[in-house]
Structure formats: C-alpha cells, structure tokens
Novice: 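Take this structure first; my questions come after.
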2 protein chains.
Amino acid sequence: MQITSKFTIAIHIITAIDYFRDSETVTSKFLAGSVGANPVIVRNVMGDLKNAGIIDVSRGKSGIDLAKKLEDITFYDVYKAVDCVSGEGLFHFHEQPNMECPVGRNIHRVLDEELLGVQDAMEARMKKVRLSDIVNKARREIIKETT
Amino acid sequence: MQITSKFTIAIHIITAIDYFRDSETVTSKFLAGSVGANPVIVRNVMGDLKNAGIIDVSRGKSGIDLAKKLEDITFYDVYKAVDCVSGEGLFHFHEQPNMECPVGRNIHRVLDEELLGVQDAMEARMKKVRLSDIVNKARREIIKETT
DNA sequence: TTATCCTGTAATAATTTTTATTACATGTTG
DNA sequence: CAACATGTAATAAAAATTATTACAGGATAA
C-alpha cells in the first residue's frame, strides 16, 4: 500500500501555483496539464486545499492563488488537507480477529498504541518540511536546466 | 490509503505462535481461525516470515515455531518481511507529470528526497518496537480479563 | 446583461490493489 | 501407506483509487 497520489498532486499544485503566479492564469485545467491528471481530480484536491485555508480559489476568470506564505505550509498541513489516512489510521487492521480467542480479542487494543506511535513519528517528520523548501529547490533545479 | 493488513496479521501470528506454543499445535488453519482470515492468506504471510528468518515452518504435523527470540524481532523486521511498501516507497507519486512543463519535469526529483526522509522517520520508529513488548502486553491484557 | 469562462459536485465507470477461495502437488510424521 | 500441513498457482470477489462525463452556479468583462 501507499499514500494516495492526492498528496504529491497537492504538493505539485502548490508549487505550480507559486511558480506560474506571475506569468500564467492558473486554472484547474492548466494545473491538470502540468500534473498529468484529470481536471476533476485537480479540482477536488483544490477543494481540499481551499477548505484547509492553504489556497484561495474563486469561480470565473480570477484564477487561483496561495492563501498562506509558503514558509507557513508544511507537508503535514497538506497531508491533513487531502485526508491521506482518513479516520482509520496509517495501518489497516485486519477486520475480524476471533473474539473467542484470547489473542484475537486483545490484539487490537494491544497494538493500537504502538501503531499510533509509528504514525506519530511519521507525522512529526512531516511537520518539519516546509513548502518553501520544496519550491526553492524546484526553482534551483529549473534554473540549473538552462545552463 | 493504509498499510496492508498483512502487517497486523503478521504481528498477530507471531503473538499467537508464542502464546499457544505450549498448549496447542499451531497450524495455518489454527492461526487463520484466530486471525479471522483465510488460511491461504496466513500461509502466505507465514512464507514471508519464514523467508525473513523470523519463524520456522515445516510440512507435515510438526507445527510452527519462532526462529528468533521475541526481543530480536522489531516492527521493522516484520514490515520488511511482508513487504508493505514494495519497491515503490511509502508515497504513491502521480505517474504522468508533464515533461513539457518546468515544474512537471522536476517535481519528482525535487520531492523524492523529502518523501524518503518521512519514510525513514517512520521506519526508524518501527525499529524501536520489539515483539517482546507486544507479547508481554498481550499476556498482561489476557490475565487482566480473568480478574 | 449577456456571453464566456471556471469552479463545485454528483454520478458513473474504469482501473488497480487487496483479500478470499479453490485446487492440488509436495513434504512430513506416525 | 495413511493422514495431515505447507507451498503455490490460478481464479474470483471485494474494495479502493483514479478517471470521465455532465451540469449547475458564481465571476468577469465587453
């Protein structure tokens, strides 16, 4: 299993919004072209990012913009915004342990604490990555191409 | 997305093997009963654990046993054994970023390093959880039930 | 204000991944 | 040899992810 591509799509979108802010009118169609996915997928991710207060979107010809400074957006914010692990947690627990069995009826409670610890460690790391790091790095890479 | 239930099944299996070691002949069918999954699923997980040197399995009536001490088995060992994230990494990258677009053709390279950092943090945490912790806790919970 | 463009969202379908099932060959024990 | 278990392939069922179509409704500009 893997974490949905909605996450990398969201990061891609934010990067593109910033990068093309001055040169293009950024729409879901434009972004879909850059991402290589369907415009509706992009609009759904845009909706998530909008609800999370990360981007500003309005209808009509206005275009899309960032609602926060890149320094103030972390991987974690985006991960939460697109709801990568829903309410279920990072680990999918097998659904029907046998309640007649002493191991079966206790394993869930026993494991949950440790599983959550692992998830917490991942999320803590995500809080340390800022979108400004990503965008800066992308700009450097793009400049490097032309030399 | 979530990490496959093969992982929690594997932990469940190891716990049950240890718990029932003295009182039952532990077979894939027996384990499948405790886990609440198909015996073939259990046998596949058993195969993974066997290949990783975590359990000993033999055909015929011999039963299943642990190949290592519980203190020497970590979440990470099990996670690697059942190949939770295959070769692809924890994050599923959208597959077709547009190579005509400066953002599109650089985003993968730019993100990969940070995504790997997150994955590493998760795996590092998994290396700290020992199966002995789990089994001990399970035994305590089971004893608590009877009081 | 009206034509145009774009977002929001529902409904549906296609694809991929997980999980389950059936079947049987092979090895082991007594 | 008989009884039982694992190993594994082939297949199917179920669930999750991603894509597509369609259209209502807000925003903009002439």
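So you know, we letter chains A, B, ... as the sequences are listed, proteins then strands, and number each from 1.
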Novice: Could you list the residues that satisfy salt bridge (charged side-chain N to carboxylate O under 4.0 Å, His left out) with E100(B), not counting sequence neighbours?
Specialist: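 With sequence neighbours excluded, E100(B) shows a salt bridge (charged side-chain N to carboxylate O under 4.0 Å, His left out) to no residue whatsoever.
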Novice: Over how many whole Å does the gap from Q96(A) atom CD to dT18(C) atom C1' extend?
Specialist: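 Rounded to whole Å, this separation is 15 Å.
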Novice: I55(A) CD1 to dG8(C) C1': how many Å, rounded?
Specialist: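 The distance from CD1 of I55(A) to C1' of dG8(C) comes to 13 Å, rounded to the nearest Å.
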Novice: H92(B): what forms a ring-ring contact (aromatic ring centres under 6.0 Å, His included) with it, not counting sequence neighbours?
Specialist: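 Applying ring-ring contact (aromatic ring centres under 6.0 Å, His included) to H92(B) gives none.
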Novice: Among all residues two or more places apart in sequence or in another chain, which pass the salt bridge (charged side-chain N to carboxylate O under 4.0 Å, His left out) test with D72(B)?
Specialist: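 Expected list: none.
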Novice: With sequence neighbours left out, what residues match F7(A) under ring-ring contact (aromatic ring centres under 6.0 Å, His included)?
Specialist: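 With neighbours one apart ignored, the set is F75(A), F91(B).
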Novice: Please state how far atom CD in E95(A) lies from atom C1' in dA20(C), giving the value in whole angstrom units.
Specialist: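 Between C1' of dA20(C) and CD of E95(A): 13 Å.
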Novice: Can you pull the ring pair (Phe, Tyr, Trp, His ring centres under 6.0 Å) pairs that have at least one residue in residues 95-145 of chain A, sequence neighbours excluded?
Specialist: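 Output for this query lists F93(A)-H108(A).
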Novice: Is there a donor-acceptor pair closer than 3.5 Å between any side-chain N or O of T146(A) and the backbone N or O of I143(A)?
Specialist: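 Pair found, side chain donor or acceptor close to backbone of I143(A).
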Novice: Restricting to pairs with a member in residues 121-147 of chain A, which pass ring pair (Phe, Tyr, Trp, His ring centres under 6.0 Å), not counting sequence neighbours?
Specialist: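 Of all non-adjacent pairs touching residues 121-147 of chain A, none passes ring pair (Phe, Tyr, Trp, His ring centres under 6.0 Å).
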Novice: Does T27(A) have a side-chain nitrogen or oxygen under 4.0 Å from the phosphate oxygens OP1 or OP2 of dC5(C)?
Specialist: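 The answer is no; no side-chain N or O of T27(A) sits under 4.0 Å from OP1 or OP2.
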Novice: Can a side chain N or O of T4(A) be found less than 4.0 Å away from OP1 or OP2 on dA16(D)?
Specialist: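 For dA16(D), neither OP1 nor OP2 has a side-chain N or O of T4(A) closer than 4.0 Å.
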Novice: Nearest-nucleotide wise, let me know which of S28(B) and H92(B) is further upstream toward the 5' end of DNA chain D.
Specialist: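 Here S28(B) is the residue nearer the 5' end.
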Novice: Looking at residues 41-53 of chain B, who's got a heavy atom less than 4.0 Å off DNA chain C?
Specialist: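 Heavy-atom cutoff 4.0 Å gives I41(B), R43(B).
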Novice: Round to a whole Å and report the spacing from NZ of K6(B) to P of dA20(C).
Specialist: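 K6(B) atom NZ is separated from dA20(C) atom P by 12 Å.
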Novice: Can you name the residues that form a salt bridge (charged side-chain N to carboxylate O under 4.0 Å, His left out) with R139(A), not counting sequence neighbours?
Specialist: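 Residues passing salt bridge (charged side-chain N to carboxylate O under 4.0 Å, His left out) with R139(A): D18(A).
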Novice: Of all of residues 30-38 of chain B, which get a heavy atom below 4.0 angstrom from DNA chain C, listed by number?
Specialist: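 Those residues are A37(B), N38(B).
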Novice: Send over the distance from D56(B) CG to dG27(C) P, rounded to a whole Å.
Specialist: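 That distance rounds to 18 Å.
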Novice: How long is the line joining NE2 of H94(A) and C1' of dT19(C), in whole Å?
Specialist: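 About 13 Å, once rounded to whole Å.
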Novice: With sequence neighbours excluded, what pairs up with K137(B) under the salt bridge (charged side-chain N to carboxylate O under 4.0 Å, His left out) test?
Specialist: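 Counting only residues at least two positions away or on another chain, K137(B) forms a salt bridge (charged side-chain N to carboxylate O under 4.0 Å, His left out) with E113(A).
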Novice: Considering only distance and modelled atom types, tabulate donor-acceptor pairs under 3.5 Å from the side chains of residues 119-127 of chain A, sequence neighbours left out.
Specialist:
{"from": "Q119(A)", "atom 1": "OE1", "to": "L90(A)", "atom 2": "N", "distance (Å)": "2.9"}
{"from": "Q119(A)", "atom 1": "NE2", "to": "E123(A)", "atom 2": "OE2", "distance (Å)": "3.0"}
{"from": "E123(A)", "atom 1": "OE2", "to": "Y79(A)", "atom 2": "OH", "distance (Å)": "2.5"}

Novice: Expressed in angstrom and rounded to an integer, what is the separation of F93(B) atom CZ from dT18(D) atom P?
Specialist: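 For the pair F93(B) CZ and dT18(D) P, the rounded distance is 13 Å.
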Novice: Is there any protein nitrogen or oxygen under 3.5 Å from a nitrogen or oxygen in nucleotides 9-13 of chain D, and what are the pairs?
Specialist:
none

Novice: Identify the heavy atoms of N106(B) and E145(A) that sit nearest to each other, and give their distance.
Specialist: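 Closest approach of N106(B) to E145(A), heavy atoms only: ND2-OE2, 3.1 Å.
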